[in-house]
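Contents: one structure, followed by commentary.
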Amino acid sequence: MEPVDRRSFFKSVAGTAALAAVEGRPSWASYAGPVFLSTWLHGKPANERAAEVFKGGGSLLDALEKGINVPENDPAVTSVGYGGLPNAEGVVELDAAIMDGTRHRAGSVCSLHMIKNPISVARLVMEKTRHTTLVGEGAFRFALKMGFEPRTLLTPESLKKWQDWKANPQHETFWLTPENHDTIGMVATDGTGHVVSGCSTSGLAWKIPGRVGDSPLAGCGVFADDNVGAASATGDGDLMTNYCTSVSIVHTMARGASPQEACMELLRHMVKTDPKNKDGEVAVIAMNTRGEIGAACMNNRFHLKYALWRNGASQLLESIKLI
Ligand code: ASP
């Protein structure tokens with residue numbers, strides 16, 4: 001990525017503040033309590049649960065984990081956890097990652113089957129092992145060892161959708177095209193400069209078995225650093241992994257950018273390297289250690305709605321689009 005000109009950052013900081021005023025977003029100036037920022041509509045109940053856990057004395061990691069458990073447990077959310085749409089062979093394979101900005105340490109699981117809370121397994125990888133990532137059968141056996149109960153993750157609805165997809169001779173396949181996805185990504189601060197990042201997903205519906213997207217990869221789906229801030233991502237992981245989106249955003253913030261400007265810079269960089277990325281499904285969220293936030297997506301086709309919990313208020317907002 002190009003070096004960032006400080007003057008353009010100052011301009012963009014002013015621009016972002018002006019935009020916030022126009023959009024009626026809250027001012028950040030005096031607030032120093034916890035902030036929870038998540039992707040998509042399912043991010044709202046996730047943030048609310050996270051805030052409740054935090055207010056009840058849980059750590060910021062507890063809050064993030066329990067918050068992300070909400071869409072994981074909800075069968076109506078077909079892109080995360082229980083009820084997530086399966087791969088091309090009808091098996092639900094889940095990906096999740098968590099990162100602690102104090103320890104600069106992540107934990108993740110990829111292609112985890114039969115366990116509905118992969119974010120909780122990812123956290124245990126981070127806390128109970130010296131590893132960062134476990135995949136497939138190994139991740140499953142680790143989860144069993146940690147006391148998780150195996151269960152089917154297909155619901156009658158997700159099974160029916162897979163059967164319909166399979167029965168359609170014209171069905172799209174992931175040898176070529178993406179379909180049906182929406183990760184829960186969450187970034188949070190406790191109000192004292194500590195940040196965390198987490199995400200959980202069933203990935204792309206009908207994916208080729210064994211496919212791993214951006215979500216469970218540290219630096220892609222999650223990144224958190226208490227010296228700077230945290231970021232997460234949602235969208236076409238096969239595209240976004242190539243840009244290491246979350247670490248790229250945090251490093252841009254480290255050079256002085258606001259979270260919003262850092263998100264926009266990542267999107268601009270993607271278009272600069274390949275103009276076809278203008279049509280990509282890409283969305284990102286970011287937060288700095290002061291609890292200032294950013295949220296952006298590439299285009300109207302994949303317009304990110306995000307959820308923000310701050311100072312007792314839980315809101316759903318629309319992100320800024322690059323194009
Ligand atoms: N990024 C996820 C993946 O590619 C899907 C999503 O966030 O919508 O697996």
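Just follow the structure's listing: the first ligand is 1, and inside any ligand the first atom is 1. No hydrogens, no waters, no symmetry mates; every other heavy atom, side chains included, goes into these values.
At a 3.5 angstrom cut-off on N or O pairs, Asp238 does not count as close to ligand 1. Looking at ligand 1, you won't find any N or O of Asp95 less than 3.5 Å from one of its N or O atoms. Between Gly237 and ligand 1, an N or O atom pair is found at a separation short of 3.5 Å.
Interface of Thr234 with ligand 1, defined as ligand atoms under 4.0 Å from a residue heavy atom, comprises 6 (C), 7 (O), 8 (O). Close approach of ligand 1 to Gly203 is summarised as follows: ligand atoms under 4.0 Å from at least one heavy atom of the residue are 9 (O). Heavy-atom contacts of Ser215 reach the following atoms of ligand 1: 1 (N), 2 (C) (cutoff under 4.0 Å). Atoms of ligand 1 found under 4.0 Å from any heavy atom of Asp182 (numbered from 1 in listed order, with element): 6 (C), 8 (O). Applying the 4.0 Å criterion to heavy atoms of Asp214 picks out, from ligand 1, the atoms 1 (N), 2 (C), 3 (C), 4 (O).
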Q.
Could you go through Arg123 and Asp62, starting from their C-alpha distance and side-chain angles, then the distance that decides it, and tell me whether this counts as salt bridge (Lys or Arg N to Asp or Glu O under 4.0 Å)?
A. CA-CA 9 Å; Arg123 183 172 176 192; Asp62 293 336; 2.7 Å; yes

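In this structure, Trp40 has its ring center closer than 6.0 angstrom to the ring center of Phe302. Checked against the 6.0 Å centroid threshold, His104 and Phe223 count as a close aromatic pair.
A salt bridge does not link Glu89 to Lys166: none of the charged nitrogens lies less than 4.0 Å from a carboxylate oxygen.
Using a 30° and 60° split on the angle between ring planes, Trp165 and His171 fall in the parallel class, below 30°.
Protein heavy atom at the shortest distance from atom 5 (C) of ligand 1 is Gly235 O, 3.1 Å. Scanning the protein heavy atoms around atom 8 (O) of ligand 1, the nearest turns out to be His181 ND1, 2.5 Å. Distance from atom 7 (O) of ligand 1 to its nearest protein heavy atom, with residue and atom name: Thr183 OG1, 2.5 Å.
If you check the side chains of Ser158 and Thr155, you find a donor sitting under 3.5 Å from an acceptor.
At distances below 3.5 Å, at least one donor-acceptor pair connects side-chain atoms of Ser246 with backbone N or O atoms of Cys220.
Two residues are said to be in side-chain contact when any heavy atoms from C-beta on lie closer than 4.5 Å; Val282 and Tyr243 fail this criterion.
Heavy atoms of Arg211 found under 4.0 angstrom from ligand 1 belong exclusively to the side chain.
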